[in-house]
Amino acid sequence: MTHELVERDDVLLAAAAATARARSGRGGWLMLAAPPGRGRSAVLDTVVGRAGSDHGVRVLSARCSPEETAFPFALLRQVFPGADGIPFAEPAAEQEQEVFHRLLDLLTRTAAARPVLLAVDDLHCADPVSRRWIGYLARRIAGLPVLLLATECREHSDVTWLPRTTGVCHPLPPLGQDTVARLARERGLTPEQRVMCRDATAGNPALVHALLADLADLADPVHSPDPTAPEPGHAPHRPGGAPPVRYRDALARWIRHRADDETRHIALALAVTAACSPATGSALLREALTLCPARHAAAPCAPRLARLLSHPLALRAVRDAADPTELAALHTRAARLLHDRGAPAAAVAAHLLHLERPCEVWMARCLEEAADDAVRAGHTEEAAGLLRHALRTRPPLARDRQADLTLRLGTLEFPHSAEAGIRRLRAGLDLHPDRQERAAAAPALGAALAARGRTTSALSVLQRASSGTDDDELVHVLRTVTALISSHDAAAWRDAVAGLRTLAPTAPPAVEPLVCGLITEYETGAGLLSASEVLARIQPRLAGAPVHPRLRTAWLGSAATLLQWADRLEDARALARQGLPVPPTPPDLTDAGLQCLVSARAEAALWAGEFRRVIAENTLLAHTCTGRGIRAPHLVSMVALARYELGLRDQAWQLLSTPDESTADSSWEWNELRYARALLHGFEGRWQDSLDDHLACGAGQSARDFVSPVATPWRSGAALALVRLGRAGHARELAEEELGHARRWGTPRTVGRALRAHAAAVGGRQGLESLTEAAALLEGAPAPVERVETLIDLGRARIEAGLGRRGREDLRLADAEAARLLSPAGVTVGEGDGGEGGTDPATAPTGRLLRATRAALRDANARTTTRARTGPGALTGAERRVVDLAAQGHTNAQIGEALHLSRRTVETHLTSSYRKLKVTRRSQLTAGLAGGDTAGSGPRD
């Protein structure tokens with residue numbers, strides 16, 4: 001049995017019985033009514049074929065088509081091809097009766113010789129006159145040896161225009177799910193493909209056969225009609241992909257040629273609605289029927305079509321087969337209905353996006369509202385697509401509206417493609433017909449250019465905008481924004497601050513706070529102010545009069561930076577929360593103030609030891625920037641340091657290598673990157689590399705007149721590296737200079753950090769005193785990283801000075817605080833930024849500080865254990881420093897001078913080290929240090 005005749009035994013039996021009755025002179029009619037694809041024609045052809053093989057029955061057949069519907073008697077000419085007197089025009093009523101009677105008489109005489117099977121396919125396409133004759137025949141067929149077998153495309157079997165006393169209508173139901181599954185299984189299809197055959201065909205035999213053939217070809221591409229062609233059917237298992245070719249063509253033939261207007265309209269309405277609505281089932285059907293004429297609302301085919309088109313494969317096939325003009329009209333109608341009903345902008349815009357271009361102003365406005373909603377949801381690329389479509393409106397929008405939309409689109413495109421965003425911002429500025437509006441929009445382009453590394457171009461744009469307006473307040477705003485952006489260029493920054501000092505006495509009240517903030521930033525970096533003096537300037541202005549709306553984020557960013565430097569970390573983050581959008585809305589990177597707030601928020605979290613917060617809040621943004629042409633070395637540095645602190649070494653180094661340093665300029669952000677890289681080199685004992693990067697950072701900062709250790713304490717880092725390299729004299733000079741600047745600033749963090757470097761440089765009792773003072777200052781200060789590092793050095797120094805108990809207490813305290821920093825504190829890594837390579841910091845290796853405290857505790861235990869140890873792990877901290885310098889070729893005298901030890905002490909450390917390393921002379925130290933412990937050691941913590 002062919003595929004069309006599966007589950008059709010009952011109708012074949014009914015046809016056979018009707019044929020037998022006709023043989024005996026009891027004629028009648030049998031109608032096969034079913035929607036397209038149910039196999040009406042196949043059943044009719046089978047019955048005709050069986051009757052034709054029986055010489056006792058004569059077959060008269062005809063197949064109606066839409067092309068002949070308008071021609072009177074077209075069907076009857078097929079049935080009686082040799083009959084005379086069949087007119088070519090529709091006759092008057094009495095003449096029609098005469099023709100009908102004559103044709104009935106012809107059929108009666110034919111049937112008298114041999115019973116007749118009159119088979120008419122697609123009777124719904126018959127011309128009206130022939131259709132009336134069929135009814136004429138059905139009312140007189142009972143006494144004739146004639147079986148009228150006809151097919152009609154209809155949803156239900158209720159044929160009201162034929163007399164029920166002489167015949168019946170036999171429905172052709174869809175194939176059952178078990179049957180479809182069996183057919184798919186016989187084809188060797190996978191369980192997933194069997195489910196697809198069930199859901200994407202709704203049991204329609206034609207669709208089942210087409211999809212089975214497509215899927216079988218995929219399983220056996222040798223038998224595919226064109227195995228080399230990139231046919232859409234190569235991915236039928238993907239719901240969003242193009243439909244398989246046979247399946248697609250079967251639906252296309254139905255939509256284009258076989259479906260009536262009512263059915264086609266409902267199918268297209270369902271396809272249009274499903275493409276833009278999350279509704280399913282009866283809700284989707286109700287929504288789709290609102291797009292149809294009122295007479296379609298109760299169409300019996302609607303539920304069946306809704307079931308079929310619930311599958312994406314069928315939806316795509318119907319949309320592909322539809323006339324684009326008809327689809328566009330339906331989308332337009334749907335959008336208008338939703339808009340008038342007050343539906344959310346996103347629902348309306350979903351339909352508008354299917355139009356080649358919007359054609360009314362309300363459409364552009366709705367797309368803009370949907371873009372706003374998408375931005376608030378964090379979907380900036382979706383929002384950009386909506387605005388692009390709005391700009392295609394024809395006739396074009398007013399010039400100022402085009403300019404506004406273009407500028408907004410530029411800000412959205414910028415994070416995803418810096419150059420595309422900049423070009424769009426330029427276009428928006430050029431479109432603006434108003435000079436004032438053009439000037440007001442210039443800061444966005446300036447901030448974008450600066451973030452791209454084109455600071456000179458940014459300053460030029462702002463200067464031209466300032467000279468192009470006669471609004472004094474706007475001029476002050478532009479000059480202040482210019483000063484903020486000039487911080488990315490050392491020479492321009494100095495000039496800008498000089499200009500701000502001139503501007504300050506006459507600046508409008510709404511502009512003055514930012515003017516003060518930027519001057520204060522410069523004077524802080526130049527070492528001219530203390531933290532208390534800065535707070536005295538900033539805090540009253542934060543509580544004072546409102547700031548100009550165009551400067552609000554810039555003022556908050558400047559104030560947050562100063563508060564962070566002053567160790568008011570919570571206050572700094574409060575300002576960041578006040579200025580930055582609430583997640584998931586991303587910050588506008590064409591706003592220079594928001595750029596500052598992002599940086600201040602990240603660094604404040606890092607200084608507070610909230611490493612996971614740094615990663616959660618900034619990783620995605622850092623990757624977005626660096627991958628799309630936006631330079632963000634400061635943000636990258638913060639995330640890299642946080643990852644390193646959590647033990648994610650490789651990821652940290654990978655991040656630091658991401659920014660293209662060949663494009664580096666005199667921006668302060670590159671100094672932050674150099675400082676972060678210097679720290680990591682130092683953490684890993686590459687002291688020369690660490691020194692080089694610290695000095696490079698210092699040179700960059702000095703070029704900007706930035707000598708204070710509030711941001712990048714490069715002198716302290718360089719001093720620590722110099723001590724390790726045996727250059728204690730130079731280390732002491734830098735450490736003492738740093739300490740002087742730190743005491744001038746006066747916060748525990750800066751002073752404590754400088755004291756630690758000073759202790760390393762001077763060593764001995766003086767170094768112990770510096771560490772003791774640093775630990776006291778940092779107790780309770782919001783500087784957990786500096787406190788742990790100081791406690792480690794203090795513990796080691798006390799143990800070396802013979803104060804073992806107190807030293808071990810320091811190390812245990814450091815260990816406890818380091819462990820606390822690694823414990824999750826309610827901040828988790830956001831979706832999509834769980835770390836490169838899929839590593840989650842929550843399961844990361846032990847953090848840097850905890851490793852350092854455990855190593856120090858191990859060394860402390862080694863000093864007190866009674867069991868001998870050998871190997872590099874057995875060396876105390878002091879022994880290791882002496883051995884490192886000795887292995888580099890330094891003499892005992894040079895080692896003593898570098899570490900502030902007597903020559904006798906150096907010799908004692910070397911003797912003990914030789915024994916632990918199992919070497920007898922200096923030339924063997926390098927090999928000895930490369931070895932591991934050769935005996936069991938005591939507990940590591």
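Ser708 and His741 share no side-chain donor-acceptor pair at under 3.5 Å. Thr750 and Thr747 are linked by a side-chain donor-acceptor pair at a separation below 3.5 angstrom, with hydrogens and angles left out of the test. A side-chain donor from one of Asp591 and Thr553 sits under 3.5 Å from a side-chain acceptor of the other. No donor-acceptor contact under 3.5 angstrom links the side chains of Thr332 and Arg336, judged on distance only. Between the side chains of His488 and Ser667, a donor-acceptor pair is found at a separation under 3.5 Å. Inspection of the Arg479 and His476 side chains reveals no N or O donor paired with an N or O acceptor under 3.5 Å. A donor-acceptor contact closer than 3.5 angstrom links the side chains of Thr590 and Asp588. There is a side-chain donor-acceptor pair under 3.5 Å between Asp705 and Tyr522.
Here the side chain of His389 pairs a donor or acceptor atom with the backbone of Leu352 at under 3.5 angstrom. At least one donor-acceptor pair under 3.5 Å links the side chain of Glu738 to the backbone N or O of Ser716. Side-chain atoms of Thr520 come within 3.5 Å of backbone atoms of Cys516 as a donor-acceptor pair (strictly under, hydrogens ignored). A donor-acceptor contact shorter than 3.5 Å links the side chain of Gln402 to the backbone of Leu397. No donor-acceptor distance shorter than 3.5 angstrom exists from the side chain of Ser702 to the backbone of Ala699, with no hydrogens or angles considered. With Thr482 contributing its side chain and Leu478 its backbone, the two residues share a donor-acceptor pair below 3.5 Å. Ser486 places a side-chain N or O within 3.5 Å of a backbone atom of Ala483 that can act as its donor or acceptor partner. For the pair Ser558 (side chain) and Ala554 (backbone), a donor-acceptor distance under 3.5 Å is absent. Judged by distance alone, with hydrogens and angles left aside, the side-chain atoms of Arg357 form a donor-acceptor pair with the main-chain N or O of Arg392 at under 3.5 Å.
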* To do: Verify side-chain contact (heavy atoms from CB on, under 4.5 Å) between Trp714 and Leu734, making sure each step is shown before the conclusion.
  => CA-CA 9 Å; Trp714 63 272; Leu734 287 176; 4.3 Å; yes
* Which is it for Asp489 and Asp665 under the side-chain contact (heavy atoms from CB on, under 4.5 Å) test, yes or no, and what are the steps along the way? -> CA-CA 7 Å; Asp489 182 275; Asp665 49 23; over 6 Å; no
* Going through the distances and angles, do Thr626 and Ile630 end up as a side-chain contact (heavy atoms from CB on, under 4.5 Å)? -> CA-CA 5 Å; Thr626 55; Ile630 303 173; over 6 Å; no
* Before giving the answer on salt bridge (Lys or Arg N to Asp or Glu O under 4.0 Å), spell out for Glu661 and Arg677 the whole-Å C-alpha distance, their side-chain angles and the decisive distance to 0.1 Å. => CA-CA 12 Å; Glu661 201 167 351; Arg677 194 169 55 201; 2.7 Å; yes
* **Asp660 vs Ser662, side-chain hydrogen bond (donor to acceptor under 3.5 Å, both in side chains): CA-CA, chis, key distance, verdict** => CA-CA 5 Å; Asp660 182 7; Ser662 66; 2.5 Å; yes
* How far apart are the C-alpha atoms of Leu656 and Leu680, what are their side-chain angles, what is the distance that settles it, and do they pass the side-chain contact (heavy atoms from CB on, under 4.5 Å) test? -> CA-CA 10 Å; Leu656 288 181; Leu680 266 59; 3.6 Å; yes
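Within the structure, the salt bridge (charged side-chain N to carboxylate O under 4.0 Å, His left out) test picks out the following pairs touching residues 509-536 (sequence neighbours left out): Arg501-Glu523, Glu512-Arg541, Glu523-Arg537, Glu533-Arg744. Each ring pair (Phe, Tyr, Trp, His ring centres under 6.0 Å) pair with one or both residues in residues 531-565, not counting sequence neighbours, appears once here: Trp565-Phe706. Annotation: ring pair (Phe, Tyr, Trp, His ring centres under 6.0 Å) contacts involving residues 356-386, sequence neighbours excluded, comprise His339-Trp362. Applying the salt bridge (charged side-chain N to carboxylate O under 4.0 Å, His left out) test to residues at least two apart or on different chains, the pairs with a partner in residues 413-436 are Arg388-Glu413, Glu413-Arg424, Glu419-Arg452, Glu419-Arg454, Arg435-Asp470.
For Ser487, the side-chain contact (heavy atoms from CB on, under 4.5 Å) criterion is met by Trp493, Trp668, Arg704, not counting sequence neighbours. With sequence neighbours left out, the side chain to side chain donor-acceptor pair (under 3.5 Å) criterion links Asn671 to Arg674, Gln701. Every residue two or more places apart in sequence or in another chain that forms a salt bridge (charged side-chain N to carboxylate O under 4.0 Å, His left out) with Arg568 is listed here: Asp571. Residues meeting the side chain to side chain donor-acceptor pair (under 3.5 Å) test with Ser637, sequence neighbours left out: none. Qualifying salt bridge (charged side-chain N to carboxylate O under 4.0 Å, His left out) partners for Asp373, counting only residues two or more places apart in sequence or in other chains: Arg376. For Arg577, there are no side chain to side chain donor-acceptor pair (under 3.5 Å) partners two or more places apart in sequence or in a different chain. Among residues two or more places apart in sequence or in another chain, the salt bridge (charged side-chain N to carboxylate O under 4.0 Å, His left out) test is passed with Glu786 by Arg749, Arg753. Partners of Arg408 according to the side chain to side chain donor-acceptor pair (under 3.5 Å) rule, which considers only residues two or more places apart in sequence or in another chain, are Glu368, Asp372.
Across Val515 and Leu500, no two heavy atoms sit closer than the pair CG1-O, 3.7 Å. Here the closest non-hydrogen pair linking Val348 and Ala343 is CG2-O, 4.3 Å.
Taken to the nearest 0.5 Å, the CG atom of Leu556 stands 9.0 Å off from the CG atom of Leu594.
Between Glu669 and Arg631 there is no salt bridge, since none of the side-chain N atoms of the basic residue sits less than 4.0 Å from a carboxylate O of the acidic one. Under 4.0 Å is where a charged nitrogen must lie from a carboxylate oxygen, and between Arg573 and Glu603 no such pair does.
Under the side-chain hydrogen bond (donor to acceptor under 3.5 Å, both in side chains) test applied with His432, the options Thr406, Asp404, Asp400 reduce to a single match, Asp404.
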